[in-house]
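Working notes for the structure below.
Below, read A as the first sequence line, B as the second, and so on, with proteins coming before strands; counting in each chain starts at 1. Worth knowing before you read on, the calculation uses all heavy atoms, side chains too, and leaves out hydrogens, waters and symmetry mates. Model, not experiment: these values are computed from the prediction.
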Amino acid sequence: MRRSRRDENNRVGYLMVSPYFIFFLLFVGYPLMFSLVLVFHKWNIIGPMKFIGFGNFWQLLHDALFWKSLGNTLIFLTIHIPLQIIIALVIANILNQRIAARGFFRAAFFLPVVVSGVVVTILWQQLYSQETGLFNTLLSRIGLPKAPWLISTRLAMPSIAIMATWKNVGLYIVLFLTGLQSIPLSLYEVADLDGASEVQKFFHVTIPMLNPTMVMVVILSTLGGFSLFIEPYVMTGGGPMNSTLSCVLYIYKQAFYFNHMGYAATLGFTVALIIMIVVIIQRKLVETEIYT
Amino acid sequence: MKKAIFYIILSLVAVAFIYPFVWMTSATLRPEIEISSLSPFSHNFSISNYKAVLEKIPIGRAFLNSLFVSSSITFSVLIFSSIVGYALSRLKFRGRDPIFMVILFTMMIPFQITVIPLYVLMVKFGWTDTYLALIVPGMISAFGILLFRQYFKAIPQAIIDAARIDGCSDLGILFRIVWPNSIPALVTVAIITFMNTWNEVLWPLIVIRKQSIMTMPQMVTLFAVGGQAEQVGAELASAMMLAAPVVIIYCIFQRHFIASMAYTGLKG
């Protein structure tokens, strides 16, 4: 009797997880395996596949555009992550005080998060526009020269990073706010007894206690940076002079402009590998033990 | 004094977040020559930009496509992810925990590695330019499974036992007992899934070329990139039409949106 119940449980259990495994094999497992085939072949998707050994990886090592796209991602992340954390921390700390209309402010900061990236990109393309954009109109109104936001090779990627911060920071404000509210008040009371100043409390209680949120923010922003696509695709097409070419945009171009399926798969494979390594390193660097 | 500074900072930031949307709304209603104006007011408001969008692209069709695709995926994710989540949290069977670890692991695979082979698979299936390519690969989500498993764990065993004694099957227990007790989890998964699908652009751009199957963000993107819009006002108007449904729903269910996304840390 007991045994049959267990067999029955096994059977129902496997049956109920089977949708995931069928799905997984088809849409994750097979593509993963197939990507390992693709990286060793040259293929234009129409003709036959041609085995070229490590040819794709050799090409990748010498592909200036691939390195450029990685460099652009790095520029994006070095601006985006600190900006994101500082703004989110400041706003979250203010919202954590006794503030009237907190709900309204929170909802306002969160608005760009729910709006499609396409909408935000089209909107900011106009805000950044050289002659008619809101930013340049403001600048010239106060007597400053117009800035070549999306036209200059130096400024284009930072401009996209600023836009991405505006789009996402609301989410991080809410995450930090949740983190702040979970810090036990007793910790601050102990700090008060020790005569700690506001600044000391912030750096020795608040920041260490927010570490799990900090790790999450850094990793999510990093994944966002490596997934950047629609922003450069709509705003700049990767230009000027490839200064906003992102990893995913480059994969997309290789695959769908030039039909280099094997090489695009190799790029995807390598970028995925880099993402995993970067995230592991970030965890090692940012994650700390919490002392309570 | 300190409070006053806080309110000033908050208000300035709130303006920075809201004003661009106000400006955008007004820009879609203004003639092209007034586009660089800082003020959102004008004496020449008209809906000609929206008319231009409706004339140039079948955006109504794209809206229905997006609605169909996003609803199908959301419905399917709720059903299938909750079935798997139920098995992983309420049934004891051999290999359950290793299976859960595998699912956790699959969540961490970056999409960059699978996107090209997945496209090739769609080509082999003959699914490109069909709804199948848009819907089927999104029909179950590891994140949904994770969230349901977590939530279902907290449901008291007693009510499940009671249903079992009454002769309820496991699927019956899930849909008649567990679901009604898990509304917050269902809402969270539904909001996140719907929003992610509604806002997705890269995948539709890859698998759909036929205009009649295009999703709304895809069509708006191509409208802007292809230069078909010709006028900035029309481009912004198409973006406005894409944003409006989400913004309206967000204004009504704002608390649920924020709570859901804060809980999962996922963004749209």
inquiry  = Given heavy-atom pairs under 4.5 angstrom as the criterion, report whether the side chain, backbone, both or neither of B/Ile9 touches chain A.
reply    = side chain
request  = Answer with side chain, backbone, both or neither: which region of A/Ile45 has an atom nearer than 4.5 Å to a non-hydrogen atom of chain B?
outcome  = side chain
task = May I ask you to name which of B/Leu10, B/Leu236, B/Val201 has the most heavy-atom pairs under 4.5 Å with chain A?
result = B/Leu10
request  = Sort A/Val169 into side chain, backbone, both or neither according to what part of it lies under 4.5 angstrom from a heavy atom of chain B.
outcome  = side chain
remark   = Note: vs chain A, highest number of non-hydrogen pairs under 4.5 angstrom among B/Val220, B/Val120, B/Val123, B/Val247 is B/Val120
ask   = What residue in B/Ser169, B/Pro117, B/Ser141, B/Cys251 has the most heavy-atom pairs under 4.5 Å with chain A?
value = B/Pro117
ask   = So, is the end of the B/Arg149 side chain (NZ or CZ) under 6.0 Å from the ring centre of B/Phe100 and within 45° of the ring's axis?
value = yes
inquiry  = I'd like to know if B/Asp170 pairs up with B/Arg90 as an ion pair, taking the criterion as any Lys NZ or Arg NE/NH1/NH2 lying under 4.0 Å from an Asp or Glu carboxylate oxygen.
reply    = no
query = Quick one: what part of A/Ala100 sits under 4.5 Å from any heavy atom of chain B, side chain, backbone, both or neither?
reply = both
key: Per-residue contact mode, B/Leu118 against chain A (heavy atom under 4.5 angstrom)   = both
request  = Please examine the side chains of B/Ile116 and A/Phe34, heavy atoms only from C-beta on, and report whether any two atoms are closer than 4.5 Å.
outcome  = no
query = For A/Phe109, is it the side chain, the backbone, both or neither that has a heavy atom under 4.5 Å from a heavy atom of chain B?
reply = both
ask   = Parallel under 30°, tilted from 30 to 60°, perpendicular over 60°: which one fits the rings of A/Trp166 and B/Phe21?
value = tilted
Residue A/Phe256 versus chain B: region with a heavy atom under 4.5 Å = side chain
inquiry  = Quick check on the 6.0 Å ring-centre criterion: do B/Phe257 and B/Phe253 meet it?
reply    = no
query = If we only count heavy atoms from C-beta on, is the A/Val271 to A/Phe66 side-chain gap below 4.5 Å?
reply = yes
inquiry  = For B/Tyr19, which atoms come within 4.5 Å of any heavy atom of chain A: side chain, backbone, both, or neither?
reply    = side chain
ask   = Are B/Ile140 and A/Phe24 side-chain neighbours, meaning at least one heavy-atom pair lies under 4.5 Å?
value = no
query = Which heavy-atom pair separates B/Thr197 from B/Ile73 by the least distance, and what is that distance?
reply = CG2-CD1, 3.4 Å
key: Close side-chain approach of A/Arg106 to B/Gln254, heavy-atom, < 4.5 Å   = yes
note = If one checks every heavy atom of A/Val12 against chain B at 4.5 Å, the contacting part turns out to be both
Side-chain heavy-atom pair A/Phe110, B/Phe17 within 4.5 angstrom cut-off = no
key: A/Met235, part contacting chain B, at a heavy-atom distance under 4.5 Å   = neither
query = What part of B/Ile109 is in contact with chain A, defined as an atom under 4.5 angstrom from a non-hydrogen atom: side chain, backbone, both or neither?
reply = side chain
task = Give the member of A/Ser227, A/Gly117, A/Ala255 that has the highest number of heavy-atom pairs under 4.5 Å with chain B.
result = A/Ser227
request  = Please flag which part of B/Met216 lies under 4.5 Å from any non-hydrogen atom of chain A: side chain, backbone, both or neither.
outcome  = neither
ask   = Is chain B contacted by the side chain of A/Leu111, its backbone, both, or neither, given a heavy-atom distance below 4.5 Å?
value = both
Option in B/Leu88, B/Val136, B/Ile249, B/Ile191 with maximal non-hydrogen atom pairs under 4.5 Å from chain A = B/Val136
note = Whatever's closer than 4.5 Å to a heavy atom in chain B on A/Leu38 counts as side chain
message = What part of A/Thr178 gets within 4.5 angstrom of chain B, counting heavy atoms only: side chain, backbone, both, or neither?
response = side chain
Under 4.5 Å from a heavy atom of chain B, the part of A/Thr266 involved = neither
remark   = chain A shares the most heavy-atom pairs under 4.5 Å, among B/Leu174, B/Ile5, B/Leu205, with B/Leu205
ask   = Are the aromatic ring centres of B/Tyr119 and B/Trp127 under 6.0 angstrom apart?
value = no
ask   = Who among B/Phe111, B/Tyr250, B/Phe6, B/Trp198 has the most heavy-atom pairs with chain A under 4.5 Å?
value = B/Tyr250
query = Under a 4.5 Å heavy-atom cut-off, does chain A meet the side chain of B/Val13, its backbone, both or neither?
reply = both
task = Look at A/Glu131 together with A/Lys146 and state whether they make a salt bridge at an N to O cut-off of under 4.0 Å.
result = yes
ask   = Between A/Ser246 and A/Tyr233, do the side chains contain an N or O donor and an N or O acceptor separated by less than 3.5 Å?
value = no
task = Measure from the side-chain N and O atoms of A/Asn136 to the backbone N and O of A/Leu139, and report whether any donor-acceptor pair falls under 3.5 Å.
result = no
ask   = Does any heavy atom of chain B fall under 4.5 Å from the side chain of A/Val17, the backbone, both, or neither of them?
value = both
request  = Select one option (side chain, backbone, both, neither) describing which atoms of A/Leu95 are under 4.5 Å from chain B's heavy atoms.
outcome  = side chain
